[in-house]
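Comments concern the structure below.
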Amino acid sequence: MEIINNAQEIRTRLEQFQANKDPKLKNTMSVPEMRRLLGLKKTESYWLVHRNFFETRIIDGRMRVDLESFEKWYANQVKHKKVNGEEPGAELLKTSYSFMDAANLLGIHNSNLYEIWRRENLETITVDSVKRIPVDVFERWYENQIMYQKADRMPTLTDLEADYIPLQEAAGLLGITKEKLSVITRASRYKDIFEIRVYDNKKWISKKSFQQFLNAQNVYQVIKEPEKEMPTSEESMETKEFISRQEAAALAGVTSATITKWVQLERFPCVGAGRVLRIYRKEFLKWLKKYREGGV
């Protein structure tokens with residue numbers, strides 16, 4: 001494999017040297033160069049050429065790709081990516097959304113957005129055989145509706161994980177099926193508690209609303225230790241609404257066993273049970289102050 005890579009590197013350098021030496025070859029690249037740049041097979045590279053996505057020239061009897069038109073094409077498509085280089089679609093992403101990106105911006109399933117665009121016969125463009133929504137069309141539609149609220153900026157998975165938990169993971173914590181929790185979020189007396197967002201067509205529940213649901217009823221409680229704390233990663237112990245026994249012990253300067261004893265004596269309000277029991281921080285600190293002053 002190393003020999004092949006070296007051979008390719010030698011060919012590339014020879015082609016670049018020849019292009020720099022011969023004025024006719026400047027501002028162009030060979031089809032094999034383009035193929036290696038995009039990591040394509042021979043058939044795929046010639047398919048791109050014959051679709052006239054970018055300009056080509058015949059120089060000394062050989063076909064070469066015009067660099068300026070190639071870069072313009074590259075900035076307006078997202079199907080092909082350079083092996084080493086900038087991401088594709090720089091211009092395309094400024095002027096249009098994929099249906100999935102626009103749906104993520106609104107926090108809904110992309111099938112709902114497809115249906116809106118079909119029903120209202122709204123404009124789309126087609127790039128690489130995939131329909132996209134022009135940004136100006138999306139903004140005009142958004143300004144004339146009141147049902148959906150978009151995020152301030154295009155969300156990422158990292159952004160979402162800070163404040164939300166996947167519905168399936170939340171169901172696992174409660175020991176119920178995803179379908180059952182979905183029904184609870186849509187058609188139970190607690191449905192108004194839940195803050196739901198859809199990302200890549202999967203439902204997510206805000207950690208804050210999930211905790212509020214736990215506090216509001218006694219039927220469903222966490223039976224499995226969550227991998228992450230319910231409060232967002234941005235919160236410190238000083239701003240959390242709920243804290244663990246270990247955190248309470250750190251605040252009080254005692255052992256976790258002492259906290260467990262106080263919990264059993266119902267000295268302050270808690271939620272959950274077992275390993276995932278959580279303590280109201282403000283109530284705990286209020287009780288702790290009285291305890292230290294000898295009031296309890």
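Hydrogens, waters and symmetry mates play no part in the numbers below; they use all other heavy atoms, side chains included. Note that the coordinates shown come from a computational prediction; the quantities given were computed from them, not determined experimentally.
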Close side-chain approach of [X] and [Y], heavy atoms under 4.5 Å:
X: Arg57; Y: Val65; value: no
X: Arg64; Y: Thr56; value: no
X: Ile205; Y: Leu181; value: yes
X: Arg132; Y: Thr126; value: no
X: Leu122; Y: Phe138; value: no
X: Glu179; Y: Gln168; value: no
X: Val49; Y: Met63; value: yes
X: Ile193; Y: Phe210; value: no

Ser182-Thr185 side chain donor-acceptor pair, cut-off 3.5 Å
no
Among side-chain atoms of Gln212 and Tyr190, is any donor-acceptor pair under 3.5 angstrom?
no
Should Trp47 and Leu40 be marked as a side-chain contact (heavy atoms from CB on, under 4.5 Å) after you check the CA-CA gap, both sets of side-chain angles, and the distance that decides it?
CA-CA 10 Å; Trp47 179 84; Leu40 301 176; over 6 Å; no
Ring-face cation contact, Tyr74 with Lys82, 6.0 Å cut, 45° max:
yes
Taking a hydrophobic cluster as the set of Ile, Leu, Val, Met, Phe, Trp and Tyr residues connected by side-chain heavy atoms closer than 4.5 Å, whether directly or through intermediates, do [X] and [Y] fall within one such cluster?
X: Val78; Y: Ile125; result: yes
X: Leu38; Y: Tyr46; result: yes
X: Val135; Y: Ile116; result: yes
X: Tyr97; Y: Val198; result: no
X: Leu92; Y: Val137; result: no

Test side-chain contact (heavy atoms from CB on, under 4.5 Å) on Glu195 and Lys208 and set out the steps.
CA-CA 8 Å; Glu195 182 185 354; Lys208 182 178 180 180; 5.7 Å; no
Rounded to the nearest 0.5 Å, what separation is found between the [atom1] atom of [X] and the [atom2] atom of [Y]?
X: Leu67; Y: Met34; atom1: CG; atom2: CE; value: 11.0 Å
X: Asn110; Y: Ser98; atom1: CG; atom2: OG; value: 8.5 Å
X: Ser244; Y: Arg278; atom1: OG; atom2: CZ; value: 5.5 Å
X: Ser209; Y: Asp163; atom1: OG; atom2: CG; value: 10.5 Å
X: Leu48; Y: His80; atom1: CG; atom2: NE2; value: 4.5 Å
X: Asn76; Y: Asp128; atom1: CG; atom2: CG; value: 10.5 Å

Indicate, with yes or no, if the rings of [X] and [Y] have centres closer together than 6.0 Å.
X: Tyr280; Y: Phe268; answer: no
X: Tyr142; Y: Tyr148; answer: no
X: Tyr114; Y: Trp117; answer: no
X: Trp204; Y: Tyr164; answer: no

Check for a donor-acceptor pair, side chain of [X] on one end and backbone N or O of [Y] on the other, with a separation under 3.5 Å.
X: Ser96; Y: Pro134; result: no
X: Gln217; Y: Phe213; result: yes
X: Glu123; Y: Ile133; result: no
X: Arg62; Y: Val31; result: no

Mind running side-chain contact (heavy atoms from CB on, under 4.5 Å) on Leu37 and Met29 for me, showing each step along the way?
CA-CA 10 Å; Leu37 181 63; Met29 63 178 165; 4.1 Å; yes
Considering residues, nucleotides and ligands other than [X], do more than 12 of their heavy atoms fall under 6.0 Å from its [atom1]?
X: Gln77; atom1: CD; answer: yes
X: Arg153; atom1: CZ; answer: no
X: Lys178; atom1: NZ; answer: no
X: Glu68; atom1: CD; answer: no
X: Lys191; atom1: NZ; answer: yes
X: Lys131; atom1: NZ; answer: no
X: Glu266; atom1: CD; answer: no

How far apart are the C-alpha atoms of Arg118 and Glu115, what are their side-chain angles, what is the distance that settles it, and do they pass the salt bridge (Lys or Arg N to Asp or Glu O under 4.0 Å) test?
CA-CA 5 Å; Arg118 184 198 64 78; Glu115 177 57 24; 2.6 Å; yes
Can Glu44 and Lys41 be counted as an ion pair, charged N to O under 4.0 angstrom?
no
Thinking salt bridges, do Arg267 and Glu283 make one under a 4.0 Å N-O criterion?
no
From CA spacing to verdict: side-chain hydrogen bond (donor to acceptor under 3.5 Å, both in side chains), Asp66, Asn27
CA-CA 6 Å; Asp66 179 81; Asn27 302 319; over 6 Å; no
Please report the C-alpha distance between Glu161 and Lys207 in whole Å, then the side-chain angles of each, then the deciding distance to 0.1 Å, and finally whether the salt bridge (Lys or Arg N to Asp or Glu O under 4.0 Å) criterion is met.
CA-CA 9 Å; Glu161 287 175 336; Lys207 294 177 181 179; over 6 Å; no
Is there a side-chain contact (heavy atoms from CB on, under 4.5 Å) between Leu113 and Leu106 once you walk through the steps?
CA-CA 9 Å; Leu113 198 57; Leu106 298 170; 3.9 Å; yes
